[in-house]
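Here's the structure, in structure tokens; my notes come after.
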Amino acid sequence: MASLSEEVLLVVKRVRQRKQDGTLYLMAERIAWGPEGKDRFTVSHLYADIRCQKISPDGKAKIQLQLILHTGESTTFHFSNGSTALKDRDATKELLQQLLPKFKKKANKELEEKNRMLQEDPVLFQLYKDLVVSQVISAEEFWANRLSLNTVEHSLSNNSKQEVGISAAFLADIRPQTDGCNGLRYNLTSDIIESIFRTYPTVKQKYAENVPHNLTEKEFWTRFFQSHYFHRDRISTGQQDIFSECAKQDEKGLNSMVTQGVKNPMVDLLSLEDKTLDEGYGTATVPTTSNSSNKSLRENSNSAIIKRFNHHSAMVLAAGLRKAEAPSDQASETSSTDGNSRDSDFFQLPLKKVKLQESIEYDDLQGDSGRKTIALNLKKSDRYSHGPIPLQSQHYTTSQDIINSISIIQHEMRNYKPRLTQVMSSNAASSAITALSPGGLLMQGGAQQTINQLVPTDVQIELKHLYTAAGELLRHFWSCFPVNTPFLEDKLMGHLEEMLQAAYSKFQVWQTRRMMRKT
Amino acid sequence: MKLNIEGLLVYFPYDYIYPEQYSYMLELKRTLDAKGHGVLEMPSGTGKTISLLSLIVAYQKAYPLEVTKLVYCSRTVPEIEKVVEELRKLMDYYAKQTGVKNDFLALALSSRKNLCIHPEVSSLRFGKEVDGKCHSLTASYIRAQHHSNPCQPVCQFFEEFDAVGRQVPIPPGIFNLDDLKDFGRRKGWCPYFLARYAILHANIVVYSYHYLLDPKIADLVSKELAKKSVVVFDEAHNIDNVCIDSMSVNITRRTLDRCQTNVETLQNTISRIKETDAAKLREEYMRLVEGLKEANVARETDIYLSNPVLPDEILQEAVPGSIRTAEHFVGFIKRFLEYLKARLRIHHVVQESAPQFLKDIYEKVCIDRKPLRFCAERLRSLLRTLEIADIADFSAITLISHFATLVSTYSKGFTIIIEPFEDRTPTIANPVLHFSCMDPSIAIKPVFGRFQSVIITSGTLSPLDIYPRILDFRPVTMASFTMTLARTCLCPLIVGRGNDQVAMTSKFETREDFAVIRNYGNLLLEMSAIVPDGIVAFFTSYIYMENIVASWYEQGILENIQRNKLIFIETQDAAETSMALEKYQEACENGRGAILLSVARGKVSEGIDFVHHFGRAVIMFGVPYVYTQSRILKARLEYLRDQFQIRENDFLTFDAMRHAAQCVGRAIRGKTDYGLMIFADKRYARADKRGKLPRWIQEHLTDGSLNLTIDETVQLSKHFLRQMAQPFRREDQLGLSLLTLEQLQSEDMLQKIAQIAQQA
């Protein structure tokens with residue numbers, strides 16, 4: 001079996017599956033189980049196929065681990081090695097925990113991407129059927145230069161799927177449960193962890209720094225939930241806390257956001273008042289001694305909560321937006337982590353003008369002329385503005401010309417007055433009409449049957465498919481030139497020829513069939 | 001369209017018009033014809049500003065001799081800029097229709113901070129810094145020094161303006177703040193001084209209240225405005241507070257300490273000058289002997305706005321001899337300062353009237369009333385003579401001198417309260433002397449007396465009759481306009497109970513009640529689940545909001561709300577709140593939806609609009625009464641009762657309801673907009689509260705929506721939102737709440753319009 005060449009990461013003996021004792025193997029790319037005494041695996045899952053793992057609660061008598069696949073099936077392993085069962089299970093769990101995410105991302109992304117492309121593009125789907133399903137070329141080869149080609153296009157096109165934002169209440173979803181002996185338990189799912197990481201990049205950074213060298217994952221999260229950072233309403237106790245730095249960074253980010261000010265001048269409360277009263281005037285009592293000393297602890301913690309909510313909401317909002325703009329500018333990552341990427345002052349003025357105009361507009365008082373139009377969104381704008389290029393003639397009519405001529409025609413139509421004295425005689429007119437109707441003197445040529453009426457539709461479709469398939473193969477063929485790598489040479493020498501051969505034979509089959517049908 | 005308003009041709013820059021706009025213009029026209037004052041209430045979002053501008057500009061064009069200038073006062077900088085943009089639209093329309101080039105000059109005036117183009121000065125962040133820096137570059141003696149010593153830095157923009165700017169009038173046109181800056185940059189002139197100079201001959205001036213109401217600024221900026229001007233106070237529902245604020249003074253121990261340093265600086269400067277340039281001081285002395293005659297001359301010609309800090313009779317007299325020399329004056333101030341220090345060393349609260357204070361000061365330190373009255377003028381003269389560069393440094397002594405002048409000038413309408421500590425922290429000594437104005441009519445009186453027409457207008461001025469009473473003037477028109485609606489796009493609901501039937505109220509006795517807080521939380525939670533996009537919730541005070549947020553947090557209510565929407569909260573820091581506000585809008589914009597927790601009477605409730613999806617529901621938690629335990633307020637209430645026969649409770653309710661109306665009114669900005677207005681307090685259902693809401697809100701408050709539970713509120717809201725989500729086209733409005741010119745001219749429409757205005 002191929003497993004011999006695979007690297008075995010962990011072997012766990014005495015694991016039961018379906019009431020059968022056996023051994024569990026964790027390998028580089030898959031997890032497998034074989035019943036005792038047999039040298040083949042009855043259960044084997046690629047890590048990429050596994051959606052998640054579940055374990056039985058600590059108190060349970062049976063120590064189990066369940067794998068749930070993307071297909072929805074599940075497999076349960078029961079660790080039955082007496083005293084070490086729990087340790088075995090945890091070791092397996094830990095290892096899986098590290099392995100699964102690696103495969104998950106890659107496999108899922110690719111699969112999804114391929115699936116999406118096939119679904120969205122019927123031509124591609126047909127091509128796939130023709131070439132891959134009929135084994136003219138392998139699936140990898142088919143995708144090899146498709147995928148890269150498509151991701152570029154994909155990022156350009158607007159029909160990409162919308163990024164799912166983060167629920168603002170993700171921290172609330174982690175409900176602590178008492179475990180019965182003065183402890184608290186938090187249930188973390190990978191979704192929540194991802195939410196935390198996306199919202200608080202500083203925590204992610206801490207995680208990368210500390211796990212797994214300094215802390216285990218469990219310890220890390222335990223500390224997280226104990227930290228002042230998580231319970232922001234508690235005043236910092238000053239103990240050594242790896243998250244105190246996060247809090248500081250957040251504070252810094254918040255402050256920088258505040259000092260940057262706001263882009264929209266209409267909501268800038270600082271410049272709202274034109275002329276504030278000088279110090280000492282006015283009836284409002286002057287907050288002269290508003291230092292923290294005369295604020296109670298409770299008031300401090302209240303304002304900390306308020307700050308926290310503002311910050312949290314801003315971060316959640318920023319996390320949603322960050323994803324959207326991430327591919328376009330990696331460079332601005334640093335500036336956008338604080339949730340506010342600021343345009344330069346240069347754009348300030350037009351923005352202000354726009355906002356002002358917006359705020360004084362009464363769209364119902366306005367006549368129709370001011371109706372807003374929806375901007376035309378073109379995938380390939382050059383295609384739109386040029387169209388197919390004629391070979392000889394270089395003369396273009398600009399859109400202005402077209403508009404002009406249309407308006408001229410409209411104008412002429414409006415001013416058209418039939419000159420009844422100069423019309424044709426009715427005889428001449430009716431003979432001209434007969435000459436121009438089908439079957440008439442001047443319409444002889446039009447009666448010819450076109451090719452699409454001669455050939456039956458199924459043949460046409462098949463021809464079309466073959467044509468595209470051949471085109472695809474030729475594309476593969478030509479993309480091998482210039483032959484500059486051994487791989488390309490190999491491809492060219494080896495199976496491309498084979499492929500073309502296969503295709504040709506397919507064509508031959510079709511042609512003979514066609515001939516047979518004809519005769 | 002072109003309208004005929006009782007014989008006046010009015011250009012209106014839109015193709016359609018709201019019926020109430022027409023009605024509003026009619027009333028306005030009558031006010032102008034009568035050359036009297038007016039109080040007009042029209043809901044926000046019905047195009048009040050453009051109606052005002054269209055009519056007054058038309059009036060100015062038709063009767064250029066009757067109305068020479070329009071002075072439009074608004075409250076915030078964005079509001080000012082909006083007005084100018086609307087004006088630009090109107091003028092463009094004029095130019096297009098008549099084909100004549102616009103010959104009007106209209107401009108906005110704002111503080112130096114918004115107009116400065118000096119690269120160094122304009123980069124400063126705070127208005128005070130900008131003013132101080134500007135002064136240190138443009139003061140007359142600085143410029144004189146510059147002549148002899150070219151190294152002395154001056155502002156080249158001001159120099160340029162001073163050299164040529166006054167001769168060449170600014171061309172006709174509409175100048176917003178940015179346009180002024182552009183113009184200034186092109187010419188190399190200082191836009192601020194250019195604008196201040198240009199308002200004298202401009203046809204339309206748009207600036208903030210302070211330039212007219214604050215005597216300290218009005219004296220500098222607005223004193224030469226022509227009598228035949230029309231003054232408009234827009235968003236005037238808080239005008240009494242602006243008046244009071246501009247006349248009140250607070251003195252703390254810190255002020256006195258800083259004043260002490262100021263006095264020392266003055267002393268040193270005087271002795272130095274005496275050695276080098278004694279003639280200068282002698283010259284000043286002579287000038288003071290001459291008296292303030294110059295100022296008097298100007299006043300008699302009725303060009304100057306009277307300054308309440310500078311009363312009439314003072315002008316006839318010379319500065320009293322006891323403070324005429326510089327040293328004597330400084331000694332005088334020192335004595336006054338020591339007296340104030342002694343007064344602040346108290347352990348119990350003292351409240352007294354101005355005459356009592358004067359009597360006491362005469363007995364203790366032998367300071368007479370007369371020299372006190374001249375304090376402000378005398379100090380101004382001294383500072384000018386001594387060539388003090390940075391006036392900002394002398395704010396403390398200026399404050400003290402203003403206090404001296406005010407306290408000795410007005411025997412009525414003011415009260416002095418000395419508190420040894422703040423109420424909340426009785427252990428920390430922090431003595432404050434409040435010299436507080438109780439009569440808003442003092443500050444606004446010169447405005448009413450001086451200009452032929454003053455229009456007070458806002459979306460919420462109910463009850464109308466209270467404003468003429470507290471501002472002490474007699475209007476010729478008082479009218480409240482309703483919003484004609486093709487669909488009821490506002491839905492006021494009064495929630496009085498939770499689902500557990502516990503009464504919901506922010507009444508002092510029950511506001512900390514666990515059940516009340518929980519019910520408030522449940523209301524917000526339920527609403528967050530059904531209202532799309534943005535919800536704004538207002539609390540009665542900042543401290544109350546902090547407490548509620550904390551207990552919601554403990555109860556897990558906020559977490560549940562977060563499942564539906566993001567939460568942003570107003571803080572006491574304006575910059576932080578701006579950021580939260582922007583994020584809130586961003587969240588509404590991108591479809592996430594958000595909740596903004598805010599405070600009535602706060603900056604957000606006063607200056608920020610929540611149009612369309614930025615505010616689909618406003619929840620007012622509790623009745624926003626002012627903090628009634630404050631002694632200043634108590635004194636004011638007493639004064640109102642004695643002088644104007646306004647009962648304490650009436651005033652408090654009026655004040656609370658105008659703020660509540662302001663808060664909920666933030667959500668509706670036009671007829672295509674829609675929003676829920678939820679009053680979460682059972683006290684709103686009472687007739688005395690309900691009756692003080694603006695008419696356009698009251699109208700839609702049915703008996704069925706007076707004492708709802710949370711569940712009922714949710715049901716009604718769902719129904720309302722579903723209805724509002726249906727497409728709403730122009731055809732639906734046309735003929736009902738939106739008129740074409742032909743429709744406007746029909747007979748029965750005119751009759752209907754006549755009913756829109758309700759005369760008070």
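By convention in this document, chain letters (A, B, ...) are assigned in the order of the sequence lines, proteins followed by strands, and residues within each chain are numbered from 1. Computation of the quantities below employed the complete heavy-atom set of this structure, encompassing side-chain atoms and omitting hydrogens, waters and symmetry-equivalent molecules.
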Would you compute the distance between atom CG of B:Leu738 and atom CG of A:Asp364 and round it to the nearest 0.5 angstrom? 5.5 Å
Please determine, among B:Asn176, B:Asn241, B:Leu581, the option with the most heavy-atom pairs under 4.5 Å with chain A. B:Leu581
What part of B:Asn547 gets closer than 4.5 Å to chain A, counting heavy atoms only: side chain, backbone, both or neither? both
For B:Val249, is it the side chain, the backbone, both or neither that has a heavy atom under 4.5 Å from a heavy atom of chain A? both
Toward chain A, the part of B:Tyr18 with a non-hydrogen atom under 4.5 Å: both
At a 4.5 Å cut-off on heavy atoms, which part of B:Thr255 comes close to chain A: side chain, backbone, both, or neither? neither
Can you say whether B:Leu399 sits under 4.5 Å from chain A via the side chain, the backbone, both, or neither, judging by heavy atoms? both
Are A:Lys352 and B:Asp178 close enough for a salt bridge, meaning some N to O gap below 4.0 Å? yes
Reported CD1-to-CG distance for the pair B:Ile17 and A:Leu365, which is rounded to 0.5 angstrom: 8.0 Å
Against chain A, label B:Leu109 side chain, backbone, both or neither, depending on which of its atoms sit under 4.5 Å from a heavy atom there. backbone
Using the rule side-chain contact (heavy atoms from CB on, under 4.5 Å), only one of B:Ile569, B:Ile595, B:Leu566 pairs with A:Ser313; which is it? B:Leu566
Interatomic distance, B:Thr76 atom OG1 to A:Leu269 atom CG [nearest 0.5 angstrom]: 10.0 Å
Portion of B:Ala580 that has a non-hydrogen atom of chain A nearer than 4.5 angstrom: side chain
Check each atom of B:Glu606 against the heavy atoms of chain A and say whether the ones under 4.5 Å are side chain, backbone, both or neither. neither
Roughly how far apart are A:Ile360 CD1 and B:Ile50 CD1, rounded to 0.5 Å? 7.5 Å
CZ/B:Arg88 to CD/A:Gln357 distance, rounded to the nearest 0.5 angstrom? 8.0 Å
Distance check, rounded to the nearest 0.5 Å: A:Ile306 atom CD1 versus B:Ile567 atom CD1? 11.0 Å
Closest approach of B:Lys583 to A:Leu317 (non-hydrogen atoms, all atoms of both residues): O-CD2, 3.4 Å
At a 4.5 Å cut-off on heavy atoms, which part of B:Glu86 comes close to chain A: side chain, backbone, both, or neither? both
Evaluate A:Val316 against B:Gln562 for side-chain contact (heavy atoms from CB on, under 4.5 Å), listing each step before the verdict. CA-CA 11 Å; A:Val316 168; B:Gln562 276 187 319; over 6 Å; no
Any donor-acceptor pair under 3.5 Å from A:Tyr362 side chain to B:Gly47 backbone: yes
Answer yes or no: are there more than 12 heavy-atom neighbours, outside A:Lys204 itself, under 6.0 Å from its atom NZ? no
Toward chain A, the part of B:Gln21 with a non-hydrogen atom under 4.5 Å: side chain
Considering only heavy atoms and a distance below 4.5 Å, find which of B:Pro13, B:Ala574, B:Ser110 pairs most often with chain A. B:Ser110
Proximity breakdown for B:Phe614 and chain A, heavy-atom pairs closer than 4.5 Å: neither
